[in-house]
Amino acid sequence: AQRTPEKQARMSSTQDSEVMTEAMASLSLKVREQEEEEGRLEEERLSSDLATFLSNPSLKAALADGSLNLASYSSTVEQELHELESQCINVYRKNAAEISSLRDQLESCDAVLGALQEMLLGFQADLGGLSGDIRTLQEKSRTLGVQLRNRRMADDGLREFLQHVVISPSLAQTICQGPVNTTFLQSIYELNRIYSDVHCKEPQEWSCDVPPCETVSGHEMQEHVEKLRLVAVSRIRDYFLSQMALLRRPQTNVRMIQVHGLLKYADLQDFLQEASPDTALEIYQVYLESMGKTLFALFRTYYAQLQQLDSTRAATTRHDVIAIDDASLRDAVTTKAKKRVDSFCLGTRANDVLDEANARPILSHVALAEHSKYSYEMLFRSVMIHLMDAVTNEHVFCRQFFKRDAFQPLFSGTLSLLLEQLENYLFGCHDALALLLMIKVTHAHRRMLKARHISSLDDFLDKVTQLLWPRLKTVMDAHLRSIKSANAQKLGGVDLHAHYVSRRYAEFTCSILLILHKGNKALRGEMGENVTSSSPAAVAVSPAAATTPKSSAGDMLLQDLSVIMEEIVLLLERLADEHSNAKERTVFMINNLDQIICIFQERRVAGKEFNHFVELLMAQRELFVEEELVHGFSKMIAFVQQTEAYMTSIGVGQATPDVNAEVVETLVREFASNWKSGIEQINRHVLSYFSNYRNGMEILKQVLTQLLLYYTRFQDIIRKVWRNKPPAFCKDLVSTTVILAEIKKYALAI
């Protein structure tokens with residue numbers, strides 16, 4: 001930029017000389033090329049002339065045979081050329097004026113071309129000067145390009161550095177005054193990035209391999225970033241506190257606030273934990289306090305509303321035992337209440353509760369508006385489902401928002417409330433079915449929580465189970481005491497028909513067994529898919545509460561059922577002893593045992609209880625058969641039994657036993673005259689004794705079959721005694737075919 005004019009002129013002249021040298025070299029090169037081109041054209045013309053000469057056939061033939069004289073031919077050609085030259089001169093002379101004019105024109109054109117050449121040389125000189133300027137401009141352009149690239153690189157590096165350490169006005173505006181939304185959240189992300197950059201102690205590429213914290217701008221921005229972080233902490237704290245204040249409002253959708261007001265900004269809580277741990281702890285404690293009170297109020301209100309839906313509040317009392325006193329039954333409005341077994345009939349209670357153990361909770365306000373009613377175990381299930389959902393929701397929320405579990409401080413008050421409410425209910429609960437259903441529901445909910453991988457409620461469920469099992473044991477002991485202390489006087493007397501105690505026992509036992517096995521795979525028995533009381537599933541009701549280290553609560557319940565079964569049999573025997581004769585006692589036992597078996601069959605329950613009562617019924621039927629036959633055919637039966645015993649004592653093949661023929665004849669004639677009326681009388685007795693028609697017909701068939709068997713044995717004795725010569729009264733023997741035909745008439749009626 002500081003060159004002198006002399007230097008500039010000297011450089012210009014040097015450049016001009018260089019241009020002239022290049023032009024001369026170019027011109028000499030063109031001259032050489034033109035000479036070479038003319039020589040080549042001359043060779044081509046010579047070759048063309050030779051080719052033309054040889055193209056003449058006569059010349060070519062003359063040359064071939066050697067007859068051509070080149071000297072003479074040359075002179076001939078030369079002569080011809082002279083002639084042609086003379087002709088051309090003559091033509092030139094004739095056109096001399098025109099040729100002169102043409103010469104003048106050529107000279108004029110040559111002058112024009114000379115002027116044009118001078119002008120072009122001037123242009124060439126001008127262009128030589130322009131080429132120097134162009135070179136100068138090119139140098140300047142390259143210099144400016146390098147400077148531009150350097151400035152751009154510096155600008156990019158500086159911009160990147162500033163982006164890492166400088167807070168933009170829009171960022172500060174959003175954090176200080178903007179609403180807490182997704183834009184605010186993005187601003188917090190940006191602020192965190194800037195904070196980490198200005199405090200970075202490692203060399204970074206964007207800081208020219210210098211630790212950002214050691215740069216002047218980085219050190220200066222640390223204070224500003226820290227102040228802005230404090231402003232962000234204050235604003236986030238105010239926002240979270242306002243959201244948690246909403247949780248304490250009545251009729252608030254807690255889940256909506258958690259999802260859209262808190263979880264959506266869970267990263268802000270992480271920012272608080274990093275920027276201000278004390279503030280984060282304050283938010284955590286405020287949430288625990290607010291949500292704990294909210295949950296406590298929700299469950300207290302929900303339980304109070306559910307209590308209004310309880311349909312079994314006064315359904316059972318301490319007097320509702322299996323062997324209920326007749327005095328307690330007399331308080332009923334009608335005598336039909338004596339047969340009431342509502343508290344022992346399971347109905348659809350097990351299906352309603354256990355088939356949908358994970359159903360949605362009862363909507364209390366809807367149920368109250370519709371005046372719906374539910375059993376207590378349904379209300380219990382609804383509360384437990386509500387509790388499980390709340391625990392699951394809070395478990396997930398606290399893990400996602402606070403990164404920790406807050407079960408105990410959140411639910412301690414609520415769980416204490418629920419345990420207290422359950423204890424208050426159990427204090428007056430005498431419904432064994434409801435207690436067992438609640439145990440099964442608790443066990444099902446334990447499995448559901450295990451599937452959700454939530455173990456927070458395990459201790460609570462253990463406490464619930466430890467409350468339910470002892471109360472169930474107390475109720476079972478009350479039933480057992482009522483059976484042991486029962487007698488005919490307390491139970492209002494007995495008759496031949498089935499007593500209401502046997503029905504209550506059968507309904508109670510079937511209900512207990514059905515509940516125990518509800519949800520388990522039933523075994524296939526004679527009655528199809530039946531419930532059994534001896535399968536291992538019966539004792540796997542709940543792992544909590546054990547009577548002994550080696551005995552589970554399920555074993556305890558089955559043991560209580562076995563004891564009650566034994567005591568109910570003893571009670572029926574005591575009631576049967578109130579009858580005056582053995583036949584009536586047997587009829588009473590048969591009716592009660594048959595009623596128990598029929599209920600077991602109706603409920604599709606099988607097992608050791610059912611088998612035990614079937615065995616007792618078979619034994620009582622055999623006793624009745626003997627008693628009934630003795631009443632009408634006692635002499636013949638006694639004769640058969642005594643004679644067979646005597647014949648057995650003397651041995652087979654011994655002498656013919658001594659039998660009084662007159663006695664045998666009397667027996668034959670009596671049977672022949674009375675057997676039809678005896679069968680008819682047996683039929684009337686059976687129909688009058690047994691209210692269950694099917695049971696009566698089975699007994700009638702068994703009595704008639706036994707009668708036929710006795711009479712067949714009587715005929716065998718006669719044939720053995722009088723082998724050789726049958727006595728005259730043998731013609732009065734009734735054929736077994738006739739008796740069998742008569743029996744078939746009653747069998748057809750069956």
Side-chain angles (χ1 to χ4, degrees), residues 177-185 188 232-273 276 278-309 360-370 379 382-421 456-457 460:
Q177 298 179 2
V180 178
N181 51 22
T182 54
T183 304
F184 183 88
L185 183 61
I188 294 297
V233 167
S234 177
R235 296 213 58 212
I236 294 171
R237 174 182 177 276
D238 294 340
Y239 171 77
F240 281 155
L241 291 179
S242 65
Q243 292 297 313
M244 292 173 186
L246 296 177
L247 295 175
R248 295 191 290 270
R249 291 185 180 180
Q251 297 182 350
T252 299
N253 191 329
V254 175
R255 185 59 181 166
M256 291 291 292
I257 296 176
Q258 287 179 336
V259 173
H260 299 287
L262 296 176
L263 277 180
K264 187 177 180 180
Y265 306 107
D267 291 338
L268 297 182
Q269 177 66 16
D270 297 339
F271 171 77
L272 288 182
Q273 189 66 38
S276 179
D278 294 338
T279 305
L281 180 60
E282 178 189 3
I283 297 298
Y284 174 70
Q285 292 174 346
V286 170
Y287 177 80
L288 294 182
E289 180 183 1
S290 302
M291 197 61 195
K293 291 181 179 180
T294 300
L295 289 171
F296 183 86
L298 285 175
F299 277 93
R300 182 178 58 189
T301 303
Y302 185 65
Y303 187 82
Q305 292 174 341
L306 289 183
Q307 281 186 318
Q308 303 178 37
L309 307 176
R360 301 301 303 164
I362 297 173
L363 299 178
S364 56
H365 60 283
V366 176
L368 288 172
E370 296 176 353
L379 306 181
S382 183
V383 172
M384 293 297 290
I385 293 176
H386 198 26
L387 176 64
M388 288 193 304
D389 292 344
V391 170
T392 304
N393 176 68
E394 292 303 319
H395 175 81
V396 174
F397 173 80
C398 291
R399 288 290 184 183
Q400 293 178 350
F401 192 77
F402 295 111
K403 306 302 185 291
R404 66 177 78 177
D405 190 11
F407 169 77
Q408 191 60 34
L410 274 177
F411 287 93
S412 58
T414 302
L415 298 183
S416 299
L417 172 68
L418 295 179
L419 288 175
E420 180 182 356
Q421 292 170 340
S456 306
L457 280 177
F460 172 75

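Just so we're clear, the structure is a prediction, and the values are computed from it rather than from any experiment. We count residues from 1, following the sequence as given.
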So, do [X] and [Y] sit near enough that their side-chain heavy atoms are less than 4.5 Å apart?
| X | Y | answer |
| --- | --- | --- |
| Cys398 | Leu410 | yes |
| Phe411 | Ser456 | no |
| Gln243 | Ile257 | yes |
| Asn393 | Val254 | no |
| Met244 | Met291 | no |
| His365 | Leu368 | no |
| Thr279 | Phe240 | no |
| Leu379 | Tyr303 | no |

- Message: Just checking Tyr239 against Phe184, ring centres under 6.0 Å apart?
- Response: no

- Task: Compute the centroid of each ring, for Tyr287 and then for Phe397, and state whether the two points are separated by less than 6.0 Å.
- Result: yes

Nearest heavy-atom pair of [X] and [Y]: which atoms, and what distance?
| X | Y | answer |
| --- | --- | --- |
| Val391 | Phe407 | CG2-CE1, 3.9 Å |
| Ala266 | Gln400 | CB-O, 4.0 Å |
| His395 | Asp405 | ND1-OD1, 4.0 Å |
| Ile283 | Arg237 | CD1-O, 4.1 Å |
| Thr294 | Arg248 | OG1-CA, 4.0 Å |
| Arg235 | Pro179 | NH2-CA, 4.2 Å |

- For Ser364 and Gln305, indicate whether the former's side chain and the latter's backbone hold a donor-acceptor pair under 3.5 Å.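 No; zero donor-acceptor contacts below 3.5 Å.
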
- Any donor-acceptor pair under 3.5 Å from Ser276 side chain to Leu272 backbone: no

- Can Asp389 and Arg360 be said to form a side chain to side chain contact (heavy atoms under 4.5 Å, CB included), step by step? CA-CA 10 Å; Asp389 292 344; Arg360 301 301 303 164; 3.7 Å; yes

Distance check, rounded to the nearest 0.5 Å: [X] atom [atom1] versus [Y] atom [atom2]?
| X | Y | atom1 | atom2 | answer |
| --- | --- | --- | --- | --- |
| Leu281 | Phe402 | CG | CZ | 10.0 Å |
| Leu247 | Ser242 | CG | OG | 10.0 Å |
| Gln421 | Arg300 | CD | CZ | 9.5 Å |
| Lys264 | Thr182 | NZ | OG1 | 6.0 Å |
| Leu298 | Leu387 | CG | CG | 12.0 Å |
| Leu295 | Ser290 | CG | OG | 11.0 Å |

- Under the side chain to side chain contact (heavy atoms under 4.5 Å, CB included) rule, what do Gln273 and Tyr284 come out as? Steps first, then yes or no, please. CA-CA 10 Å; Gln273 189 66 38; Tyr284 174 70; over 6 Å; no

- Message: As a quick check of understanding, evaluate side chain to side chain contact (heavy atoms under 4.5 Å, CB included) for Ile188 and Ile236, giving each step before the final call.
- Response: CA-CA 10 Å; Ile188 294 297; Ile236 294 171; 4.3 Å; yes

- Item | Crowding at NZ, Lys403 (>12 non-hydrogen neighbours, <6.0 Å) | yes

